[in-house]
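Structure first, then comments.
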Amino acid sequence: MLISGRELGADRTAIMGVLNVTPDSFSDGGFFAAPDQALAQAEKMQRDGADIIDVGGESTRPGAEPVSVQEELDRVLPAIERITRHIDIPLSIDSWKPQVMRAAVEAGAGLINDVNALQAPGAIEVASESGVAVCLMHKQGDPQTMQKNPSYDNVIAEVKAFLSGRIQTCIQAGIGPERIIIDPGFGFGKTLEHNYILLKNMAQLTDLGAPVLAGLSRKSMIQKELGLPVDERLSASLSLALIAVANGARFLRVHDVKETVEAVRMYEAVMNVEQEKP
Ligand code: 8Y7
(Lines give C-alpha, C1' and ligand atoms only; values in the text may rest on other atoms or scores of the structure.)
Protein backbone atom coordinates (compact mmCIF):
# COMPACT_ATOMS: atom_id res chain seq x y z
CA MET A 1 0.00 0.00 0.00
CA LEU A 2 1.67 3.19 -1.20
CA ILE A 3 0.70 6.20 0.95
CA SER A 4 2.37 9.57 0.33
CA GLY A 5 5.20 7.75 -1.44
CA ARG A 6 5.83 5.30 1.43
CA GLU A 7 5.21 1.57 1.27
CA LEU A 8 3.11 0.92 4.40
CA GLY A 9 1.66 -2.25 5.90
CA ALA A 10 3.81 -4.55 3.75
CA ASP A 11 6.90 -5.92 5.55
CA ARG A 12 5.66 -4.85 9.02
CA THR A 13 2.50 -3.63 10.69
CA ALA A 14 1.95 0.07 10.07
CA ILE A 15 1.13 2.11 13.15
CA MET A 16 -1.35 4.97 12.67
CA GLY A 17 -1.29 7.53 15.47
CA VAL A 18 -4.54 9.29 16.37
CA LEU A 19 -4.42 13.10 16.32
CA ASN A 20 -7.70 14.70 17.35
CA VAL A 21 -8.05 18.41 16.64
CA THR A 22 -11.28 18.96 18.52
CA PRO A 23 -11.56 21.80 21.06
CA ASP A 24 -11.93 19.35 23.96
CA SER A 25 -8.66 17.64 23.02
CA PHE A 26 -6.61 20.76 23.85
CA SER A 27 -5.73 21.24 27.48
CA ASP A 28 -5.14 24.98 27.80
CA GLY A 29 -8.57 25.96 26.49
CA GLY A 30 -6.99 28.41 24.03
CA PHE A 31 -7.84 26.96 20.66
CA PHE A 32 -5.60 29.53 18.91
CA ALA A 33 -2.69 27.28 19.94
CA ALA A 34 -4.21 24.22 18.29
CA PRO A 35 -2.00 23.98 15.16
CA ASP A 36 1.17 24.30 17.28
CA GLN A 37 -0.08 21.65 19.71
CA ALA A 38 -1.08 19.42 16.81
CA LEU A 39 2.44 19.77 15.35
CA ALA A 40 4.03 19.00 18.73
CA GLN A 41 1.89 15.88 19.09
CA ALA A 42 2.68 14.81 15.53
CA GLU A 43 6.42 15.27 16.15
CA LYS A 44 6.18 13.14 19.28
CA MET A 45 4.27 10.39 17.48
CA GLN A 46 6.86 10.42 14.69
CA ARG A 47 9.69 10.05 17.24
CA ASP A 48 7.73 7.23 18.88
CA GLY A 49 7.63 5.32 15.59
CA ALA A 50 4.29 6.19 13.99
CA ASP A 51 4.13 5.41 10.26
CA ILE A 52 1.13 7.66 9.59
CA ILE A 53 -0.92 10.18 11.55
CA ASP A 54 -4.73 10.29 11.38
CA VAL A 55 -6.04 13.84 11.74
CA GLY A 56 -9.67 14.17 12.81
CA GLY A 57 -11.80 17.25 13.54
CA GLU A 58 -15.12 15.65 14.39
CA SER A 59 -15.56 13.21 17.24
CA THR A 60 -16.91 9.90 15.91
CA ARG A 61 -17.48 8.56 19.42
CA PRO A 62 -20.88 6.98 20.01
CA GLY A 63 -23.39 9.74 20.81
CA ALA A 64 -21.11 12.60 19.66
CA GLU A 65 -22.59 15.82 18.23
CA PRO A 66 -21.98 16.53 14.52
CA VAL A 67 -19.97 19.59 13.43
CA SER A 68 -20.39 21.73 10.28
CA VAL A 69 -18.13 21.44 7.24
CA GLN A 70 -16.67 24.91 7.91
CA GLU A 71 -15.98 24.14 11.56
CA GLU A 72 -14.29 20.86 10.64
CA LEU A 73 -12.18 22.57 7.94
CA ASP A 74 -11.16 25.28 10.43
CA ARG A 75 -9.92 22.58 12.78
CA VAL A 76 -8.12 20.15 10.46
CA LEU A 77 -6.62 22.35 7.72
CA PRO A 78 -4.34 24.50 9.92
CA ALA A 79 -3.11 21.32 11.62
CA ILE A 80 -2.44 19.48 8.34
CA GLU A 81 -0.73 22.51 6.80
CA ARG A 82 1.45 23.06 9.86
CA ILE A 83 2.46 19.41 10.09
CA THR A 84 3.22 18.95 6.37
CA ARG A 85 5.34 22.14 6.38
CA HIS A 86 7.50 20.96 9.29
CA ILE A 87 7.79 17.18 9.25
CA ASP A 88 7.82 14.42 6.65
CA ILE A 89 5.25 11.81 7.70
CA PRO A 90 2.20 10.52 5.82
CA LEU A 91 -1.08 12.01 7.03
CA SER A 92 -4.57 10.59 6.96
CA ILE A 93 -7.80 12.61 7.09
CA ASP A 94 -10.48 11.15 9.36
CA SER A 95 -13.67 12.49 7.79
CA TRP A 96 -16.80 11.31 6.02
CA LYS A 97 -17.42 14.72 4.39
CA PRO A 98 -16.34 15.09 0.74
CA GLN A 99 -15.51 18.80 1.11
CA VAL A 100 -13.21 18.06 4.04
CA MET A 101 -11.60 15.12 2.22
CA ARG A 102 -10.86 17.25 -0.85
CA ALA A 103 -9.33 20.14 1.09
CA ALA A 104 -7.31 17.82 3.32
CA VAL A 105 -5.83 15.98 0.33
CA GLU A 106 -4.97 19.32 -1.31
CA ALA A 107 -3.20 20.26 1.95
CA GLY A 108 -1.17 17.04 1.87
CA ALA A 109 -3.16 14.11 3.28
CA GLY A 110 -2.30 10.81 1.55
CA LEU A 111 -5.11 8.64 2.94
CA ILE A 112 -8.84 9.21 3.40
CA ASN A 113 -10.02 7.39 6.54
CA ASP A 114 -13.80 7.31 6.28
CA VAL A 115 -15.88 5.62 9.01
CA ASN A 116 -18.77 5.94 6.52
CA ALA A 117 -16.91 3.95 3.80
CA LEU A 118 -17.41 6.71 1.15
CA GLN A 119 -21.22 6.39 1.26
CA ALA A 120 -21.93 10.14 1.62
CA PRO A 121 -23.09 11.73 -1.65
CA GLY A 122 -20.00 12.84 -3.61
CA ALA A 123 -17.48 11.12 -1.33
CA ILE A 124 -16.54 8.33 -3.71
CA GLU A 125 -16.02 10.81 -6.58
CA VAL A 126 -13.76 13.01 -4.44
CA ALA A 127 -11.78 9.98 -3.28
CA SER A 128 -11.45 8.65 -6.82
CA GLU A 129 -10.30 11.98 -8.29
CA SER A 130 -7.88 12.62 -5.42
CA GLY A 131 -5.75 9.60 -6.32
CA VAL A 132 -4.97 8.87 -2.66
CA ALA A 133 -5.56 5.69 -0.65
CA VAL A 134 -8.82 5.09 1.23
CA CYS A 135 -9.82 3.18 4.36
CA LEU A 136 -13.34 1.76 4.16
CA MET A 137 -14.84 1.04 7.59
CA HIS A 138 -17.95 -0.93 8.46
CA LYS A 139 -20.50 0.47 10.87
CA GLN A 140 -24.12 -0.28 11.63
CA GLY A 141 -26.28 2.84 12.04
CA ASP A 142 -24.89 6.33 12.69
CA PRO A 143 -22.74 7.57 15.59
CA GLN A 144 -25.74 9.12 17.41
CA THR A 145 -27.70 5.87 17.70
CA MET A 146 -25.49 2.95 16.63
CA GLN A 147 -24.88 1.56 20.13
CA LYS A 148 -28.60 1.49 21.03
CA ASN A 149 -29.42 -1.98 19.70
CA PRO A 150 -26.77 -3.51 17.40
CA SER A 151 -28.10 -6.64 15.73
CA TYR A 152 -26.70 -9.18 13.24
CA ASP A 153 -27.59 -12.71 12.16
CA ASN A 154 -23.89 -13.38 11.45
CA VAL A 155 -21.65 -10.43 12.23
CA ILE A 156 -18.51 -11.65 10.45
CA ALA A 157 -20.41 -12.62 7.28
CA GLU A 158 -22.36 -9.33 7.23
CA VAL A 159 -19.28 -7.14 7.80
CA LYS A 160 -17.39 -9.08 5.14
CA ALA A 161 -20.27 -8.79 2.63
CA PHE A 162 -20.54 -5.04 3.26
CA LEU A 163 -16.81 -4.45 2.80
CA SER A 164 -16.75 -6.65 -0.29
CA GLY A 165 -19.56 -4.57 -1.80
CA ARG A 166 -17.83 -1.29 -0.98
CA ILE A 167 -14.56 -2.57 -2.53
CA GLN A 168 -16.45 -3.42 -5.75
CA THR A 169 -18.21 -0.03 -5.81
CA CYS A 170 -14.91 1.78 -5.26
CA ILE A 171 -13.17 -0.17 -8.03
CA GLN A 172 -16.05 0.67 -10.40
CA ALA A 173 -15.63 4.34 -9.45
CA GLY A 174 -11.96 4.23 -10.44
CA ILE A 175 -10.31 3.63 -7.07
CA GLY A 176 -7.80 0.89 -7.85
CA PRO A 177 -7.67 -2.11 -5.48
CA GLU A 178 -4.08 -1.18 -4.57
CA ARG A 179 -5.49 1.99 -2.93
CA ILE A 180 -8.01 0.25 -0.65
CA ILE A 181 -7.75 -0.63 3.07
CA ILE A 182 -10.67 -2.27 4.92
CA ASP A 183 -11.70 -2.09 8.57
CA PRO A 184 -14.37 -4.03 10.54
CA GLY A 185 -15.11 -0.91 12.62
CA PHE A 186 -14.79 -2.14 16.20
CA GLY A 187 -17.36 -0.45 18.43
CA PHE A 188 -19.39 1.04 15.58
CA GLY A 189 -22.81 -0.54 16.02
CA LYS A 190 -21.47 -3.67 17.75
CA THR A 191 -22.05 -5.28 21.12
CA LEU A 192 -19.12 -6.53 23.17
CA GLU A 193 -19.76 -10.02 21.82
CA HIS A 194 -19.92 -8.78 18.21
CA ASN A 195 -16.53 -7.11 18.71
CA TYR A 196 -15.04 -10.31 20.11
CA ILE A 197 -16.41 -12.44 17.27
CA LEU A 198 -15.03 -9.97 14.72
CA LEU A 199 -11.61 -9.84 16.34
CA LYS A 200 -11.34 -13.60 16.81
CA ASN A 201 -12.33 -14.22 13.17
CA MET A 202 -10.70 -11.16 11.61
CA ALA A 203 -8.38 -13.31 9.46
CA GLN A 204 -11.43 -14.12 7.31
CA LEU A 205 -11.49 -10.49 6.12
CA THR A 206 -8.05 -10.90 4.54
CA ASP A 207 -9.77 -13.08 1.87
CA LEU A 208 -11.06 -9.82 0.37
CA GLY A 209 -7.51 -9.04 -0.75
CA ALA A 210 -7.20 -5.63 0.89
CA PRO A 211 -4.99 -4.90 3.91
CA VAL A 212 -6.99 -4.77 7.15
CA LEU A 213 -6.83 -1.87 9.62
CA ALA A 214 -7.95 -2.40 13.21
CA GLY A 215 -8.95 0.36 15.62
CA LEU A 216 -9.20 -1.04 19.14
CA SER A 217 -7.18 1.50 21.13
CA ARG A 218 -8.87 2.59 24.40
CA LYS A 219 -12.27 1.52 23.10
CA SER A 220 -15.26 1.02 25.39
CA MET A 221 -15.10 -2.76 24.93
CA ILE A 222 -12.24 -2.55 27.47
CA GLN A 223 -14.45 -0.63 29.84
CA LYS A 224 -17.23 -3.18 29.36
CA GLU A 225 -14.94 -6.15 30.06
CA LEU A 226 -12.65 -4.72 32.74
CA GLY A 227 -14.47 -1.63 34.04
CA LEU A 228 -11.49 0.64 33.34
CA PRO A 229 -11.68 4.41 32.66
CA VAL A 230 -10.21 5.69 29.38
CA ASP A 231 -6.85 6.68 30.92
CA GLU A 232 -6.27 3.15 32.28
CA ARG A 233 -6.81 1.12 29.12
CA LEU A 234 -3.21 0.86 27.87
CA SER A 235 -2.45 -2.76 28.80
CA ALA A 236 -5.75 -4.02 27.43
CA SER A 237 -5.26 -1.93 24.25
CA LEU A 238 -1.84 -3.52 23.69
CA SER A 239 -3.32 -6.98 24.20
CA LEU A 240 -6.06 -6.28 21.63
CA ALA A 241 -3.48 -4.79 19.22
CA LEU A 242 -1.40 -7.99 19.30
CA ILE A 243 -4.46 -10.20 18.80
CA ALA A 244 -5.35 -8.06 15.77
CA VAL A 245 -1.84 -8.42 14.32
CA ALA A 246 -1.91 -12.19 14.95
CA ASN A 247 -5.22 -12.31 13.07
CA GLY A 248 -3.96 -10.44 10.03
CA ALA A 249 -4.19 -6.69 10.70
CA ARG A 250 -1.61 -4.74 8.64
CA PHE A 251 -2.51 -1.33 10.09
CA LEU A 252 -3.32 -0.39 13.70
CA ARG A 253 -4.99 2.90 14.64
CA VAL A 254 -3.76 3.77 18.15
CA HIS A 255 -3.45 6.55 20.71
CA ASP A 256 -0.37 5.15 22.51
CA VAL A 257 2.15 5.01 19.67
CA LYS A 258 5.36 4.29 21.60
CA GLU A 259 3.93 1.41 23.62
CA THR A 260 2.15 -0.13 20.61
CA VAL A 261 5.27 0.09 18.43
CA GLU A 262 7.29 -1.69 21.15
CA ALA A 263 4.70 -4.44 21.61
CA VAL A 264 4.19 -5.03 17.87
CA ARG A 265 7.90 -4.95 16.94
CA MET A 266 8.59 -7.49 19.70
CA TYR A 267 5.81 -9.72 18.37
CA GLU A 268 7.17 -9.41 14.83
CA ALA A 269 10.74 -10.18 15.94
CA VAL A 270 9.57 -13.49 17.41
CA MET A 271 7.28 -14.42 14.54
CA ASN A 272 9.88 -13.57 11.87
CA VAL A 273 12.73 -15.68 13.32
CA GLU A 274 14.42 -18.14 10.96
CA GLN A 275 13.66 -21.65 12.25
CA GLU A 276 16.48 -24.03 13.12
CA LYS A 277 16.66 -27.22 11.10
CA PRO A 278 14.80 -30.06 12.81
C1 8Y7 B 1 -11.93 4.10 14.20
C2 8Y7 B 1 -11.72 5.14 13.28
C3 8Y7 B 1 -12.44 5.97 15.17
C4 8Y7 B 1 -11.68 2.77 13.77
C5 8Y7 B 1 -11.04 3.69 11.63
C6 8Y7 B 1 -12.19 5.89 18.59
C7 8Y7 B 1 -12.00 7.62 13.30
C8 8Y7 B 1 -13.35 6.24 17.78
N9 8Y7 B 1 -12.37 4.65 15.37
N10 8Y7 B 1 -11.28 4.94 12.01
N11 8Y7 B 1 -12.05 6.30 13.90
N12 8Y7 B 1 -11.23 2.62 12.48
N13 8Y7 B 1 -10.59 3.44 10.39
O14 8Y7 B 1 -12.44 5.31 19.68
O15 8Y7 B 1 -11.87 1.79 14.49
O16 8Y7 B 1 -11.02 6.16 18.26
S17 8Y7 B 1 -12.98 7.17 16.31
Side-chain angles (χ1 to χ4, degrees), residues 1-3 8-9 14 16 54 56 58 60 62 92-102 105 109-191 193-216 219 244 247-253:
M1 171 75 39
L2 209 57
I3 301 176
L8 297 186
M16 170 189 277
D54 190 37
E58 178 183 50
T60 2
S92 157
I93 176 67
D94 158 19
S95 182
W96 57 270
K97 299 190 184 83
Q99 303 96 319
V100 176
M101 294 172 184
R102 181 184 281 120
V105 169
L111 171 67
I112 295 169
N113 175 31
D114 184 3
V115 300
N116 200 35
L118 304 176
Q119 294 176 104
I124 202 160
E125 291 80 6
V126 166
S128 179
E129 288 160 17
S130 73
V132 302
V134 301
C135 179
L136 307 172
M137 197 195 79
H138 174 274
K139 64 176 165 56
Q140 184 179 84
D142 41 57
Q144 280 75 42
T145 56
M146 63 191 180
Q147 287 305 103
K148 291 268 194 299
N149 191 18
S151 157
Y152 302 83
D153 290 323
N154 182 326
V155 66
I156 185 80
E158 288 172 44
V159 167
K160 191 172 175 180
F162 171 83
L163 292 173
S164 175
R166 293 309 298 162
I167 291 172
Q168 290 317 311
T169 303
C170 284
I171 291 172
Q172 279 160 20
I175 302 172
E178 73 290 345
R179 285 165 58 190
I180 300 175
I181 300 171
I182 55 173
D183 181 342
F186 291 104
F188 285 81
K190 280 115 189 163
T191 65
E193 189 184 20
H194 293 143
N195 288 319
Y196 289 168
I197 294 169
L198 279 172
L199 181 55
K200 188 173 178 181
N201 297 284
M202 209 176 61
Q204 293 182 33
L205 297 180
T206 59
D207 300 346
L208 296 175
V212 175
L213 182 149
L216 293 151
K219 283 204 170 161
N247 289 343
R250 305 306 300 141
F251 289 79
L252 294 173
R253 182 179 179 277

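Keep in mind the model is a prediction, meaning the values are calculated, not measured.
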Heavy-atom check, side chain of [X] versus side chain of [Y], under 4.5 Å:
| X | Y | answer |
| --- | --- | --- |
| L198 | K190 | yes |
| V105 | I112 | yes |
| L136 | I181 | no |
| H138 | R166 | no |
| I167 | I171 | yes |

### Query
Does one side chain, of D54 or N113, offer a donor that lies under 3.5 Å from an acceptor on the other?
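A donor-acceptor contact under 3.5 Å links the two side chains.
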### Message
Please tell me whether W96 and E58 have a donor and an acceptor in their side chains that are separated by less than 3.5 angstrom.
### Response
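Short answer, yes.
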### Query
Between R253 and D183, does at least one N-O distance fall below 4.0 Å, as a salt bridge requires?
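Not counted as a salt bridge, because no side-chain N and carboxylate O are separated by less than 4.0 Å.
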### Message
When you measure from the side chain of S128 to the backbone of E125, do you find a donor-acceptor pair of N or O atoms at a distance under 3.5 Å?
### Response
no
### Query
If only atom types and distance count, is the side chain of K160 paired as donor or acceptor with the main-chain N or O of Q204 below 3.5 Å?
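Between the backbone of Q204 and the side chain of K160 there is a qualifying donor-acceptor contact (under 3.5 Å).
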### Message
Check this for me: E193, atom CD, are more than 12 non-hydrogen atoms of other residues, nucleotides or ligands nearer than 6.0 Å?
### Response
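Result for CD/E193: open.
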### Query
Do other residues, nucleotides or ligands put more than 12 heavy atoms under 6.0 Å from R102 CZ?
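No, the 6.0 Å shell around CZ holds no more than 12 heavy atoms from other groups.
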### Query
Is the H194-Y152 ring centre distance short of 6.0 angstrom?
yes
### Message
Please report the interatomic distance CG(L8) to CD1(I3), rounded to the nearest 0.5 Å.
### Response
4.5 Å
### Message
One pair to check against side-chain hydrogen bond (donor to acceptor under 3.5 Å, both in side chains): N116 and K139. What are the steps and the verdict?
### Response
CA-CA 7 Å; N116 200 35; K139 64 176 165 56; 3.0 Å; yes
